[in-house]
Amino acid sequence: MKKIICLILILLIVSVTAFAGSIPEDLLSQEDSKLFVGKVEEFTIIETPNAPYFDIDSITVVPTERIKGDVEIGIPQTYDGCDGAIESLPDTEYLFAYFDEINFYLCEIEERNGDKFKLKNSHFPMVQRLEDNLNNGVYAEAEKERTETAVVMQMSPEPPKSDTDFGWWIVGGAAVIGAVIIVAYKIISKK
């Protein structure tokens, strides 16, 4: 019986895929995501005892440039929590990425020449992909498509159709059905 339970758990675990470090790609695929340049107005921290770092508890940011998403320029916005390192120098601009209440990130801009960014820590693959997408205009193109779609949706008299992806349901359902068949076969073969 333990083998059967282990087999079922393995099938369920194998059918779920997680993508770590997918921030650059998620910014493209999620309609409500925001990517912008801004300055840190203020922040509060949570100190971690005996650690050389701290966590950002709350941060107020003043956006200075919108790259993607609904961002209000010049209006301070406060977020709970933030992933990233802050030097907090006056007039320092950072690149910010927002997905939802628990996914807000900042990346230090090492150098900038017009629309070309050099991000700090670009030796990390995820930061390099983010930098490449910025410099190749991928996010600007995604924003253009997003705003054009919004205009078309406002003009459309029919309600939008659901774009729910049933692929995960099919994979999960197949895993469960497979597990049930295996369990039934094991039970029948023991009799």
Side-chain angles (χ1 to χ4, degrees), residues 19-48 53-122 124-157 159-164:
F19 298 103
S22 64
I23 293 170
E25 294 76 23
D26 292 344
L27 285 167
L28 291 171
S29 64
Q30 294 184 8
E31 287 292 318
D32 294 338
S33 65
K34 299 177 186 180
L35 183 65
F36 61 94
V37 176
K39 297 178 181 179
V40 175
E41 190 171 87
E42 64 182 3
F43 63 95
T44 59
I45 62 171
I46 301 171
E47 291 191 32
T48 307
Y53 59 88
F54 57 84
D55 291 325
I56 299 171
D57 182 42
S58 172
I59 185 168
T60 301
V61 176
V62 179
T64 57
E65 178 183 348
R66 176 175 54 98
I67 298 171
K68 181 184 180 294
D70 292 325
V71 178
E72 297 180 52
I73 304 300
I75 298 174
Q77 300 172 15
T78 302
Y79 300 93
D80 293 330
C82 180
D83 270 347
I86 296 179
E87 288 185 9
S88 190
L89 301 173
D91 297 324
T92 301
E93 288 190 318
Y94 295 93
L95 181 67
F96 294 93
Y98 172 84
F99 296 103
D100 55 35
E101 299 80 33
I102 58 172
N103 291 298
F104 184 60
Y105 306 92
L106 72 84
C107 190
E108 187 176 340
I109 301 171
E110 192 172 293
E111 186 179 317
R112 184 167 180 197
N113 186 8
D115 289 342
K116 301 297 180 191
F117 289 82
K118 173 69 177 147
L119 301 177
K120 189 172 184 179
N121 296 322
S122 61
F124 293 117
M126 183 184 70
V127 178
Q128 183 62 54
R129 291 192 322 271
L130 179 64
E131 183 180 296
D132 290 344
N133 286 349
L134 275 168
N135 293 335
N136 294 331
V138 176
Y139 296 122
E141 184 63 33
E143 176 62 8
K144 181 180 173 187
E145 289 176 20
R146 185 187 74 83
T147 54
E148 287 173 356
T149 302
V151 169
V152 169
M153 294 300 283
Q154 288 177 352
M155 296 172 56
S156 176
K161 295 179 181 177
S162 173
D163 62 346
T164 303

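Considering OG of Ser33 and CG of Asn103, their distance stands at 11.0 Å, rounded to 0.5 Å. Taking CD1 of Ile59 as the start and OG1 of Thr44 as the end, the distance is 9.0 Å to the nearest 0.5 Å. For the atom pair CD (Glu131) and CG (Asn121), the distance works out to 11.0 Å, reported to the nearest 0.5 Å. In this structure, CG in Leu119 is found 13.0 Å from OH in Tyr94, a value given to the nearest 0.5 Å. Summarising the geometry, atom CD belonging to Glu143 is positioned 10.5 Å from atom CD belonging to Glu148; distances are rounded to the nearest 0.5 Å. Note that CG of Asn136 and CZ of Arg129 are 13.5 Å apart. Values are rounded to the nearest 0.5 Å.
Across Glu41 and Val62, no two heavy atoms sit closer than the pair OE2-CG2, 3.5 Å. Scanning all heavy atoms of the two residues, the minimum distance from Leu28 to Ala142 falls at CD2-CB, 3.8 Å. Nearest heavy atom pair, residue Leu27 against residue Lys34, reads CD2-O, 3.7 Å. The two atoms that bring Asn135 and Phe117 nearest to each other are OD1-N, 2.6 Å, heavy atoms only.
Annotation for Lys118: atom NZ counts as buried by contact number, over 12 foreign heavy atoms lying within 6.0 Å. Around atom CG of Asp115, no more than 12 heavy atoms belonging to other residues, nucleotides or ligands sit under 6.0 Å away. Around the CG atom of Asn113, the shell of radius 6.0 Å holds no more than 12 heavy atoms that belong to other residues, nucleotides or ligands.
Taking the side chain as every heavy atom from C-beta outward, Ile23 and Phe99 approach each other to under 4.5 Å. At least one side-chain heavy atom of Leu95 sits under 4.5 Å from a side-chain heavy atom of Leu134. Side-chain contact between Leu130 and Met126: absent, with no pair of heavy atoms (C-beta onward) separated by less than 4.5 Å.
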Could you walk me through whether Asp57 and Ile45 pass the side chain to side chain contact (heavy atoms under 4.5 Å, CB included) check?
CA-CA 5 Å; Asp57 182 42; Ile45 62 171; 6.0 Å; no
Using the side chain to side chain contact (heavy atoms under 4.5 Å, CB included) rule, take Val37 and Arg112 through it: C-alpha gap first, then chi angles, then the decisive distance, then the call.
CA-CA 11 Å; Val37 176; Arg112 184 167 180 197; 4.0 Å; yes
Just do the side chain to side chain contact (heavy atoms under 4.5 Å, CB included) check on Phe96 and Val40 with the steps written out, would you?
CA-CA 10 Å; Phe96 294 93; Val40 175; 4.0 Å; yes
Run the side chain to side chain contact (heavy atoms under 4.5 Å, CB included) test on Phe104 and Ile56 for me, step by step, so that the C-alpha distance in whole Å, both residues' side-chain angles and the decisive distance to 0.1 Å come before the verdict.
CA-CA 11 Å; Phe104 184 60; Ile56 299 171; over 6 Å; no
Less than 3.5 Å apart, which donor and acceptor atoms pair up between the side chains of residues 70-79 and the rest of the protein, not counting sequence neighbours?
unit_1: Asp70; atom_1: OD1; unit_2: Arg146; atom_2: NH1; d: 3.4
unit_1: Asp70; atom_1: OD1; unit_2: Arg146; atom_2: NH2; d: 3.2
unit_1: Gln77; atom_1: OE1; unit_2: Tyr79; atom_2: OH; d: 2.5
unit_1: Thr78; atom_1: OG1; unit_2: Thr60; atom_2: OG1; d: 2.9

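No cation-pi contact links Lys68 to Tyr139, judged by a cut-off of 6.0 Å to the six-membered ring centre and 45° from its axis.
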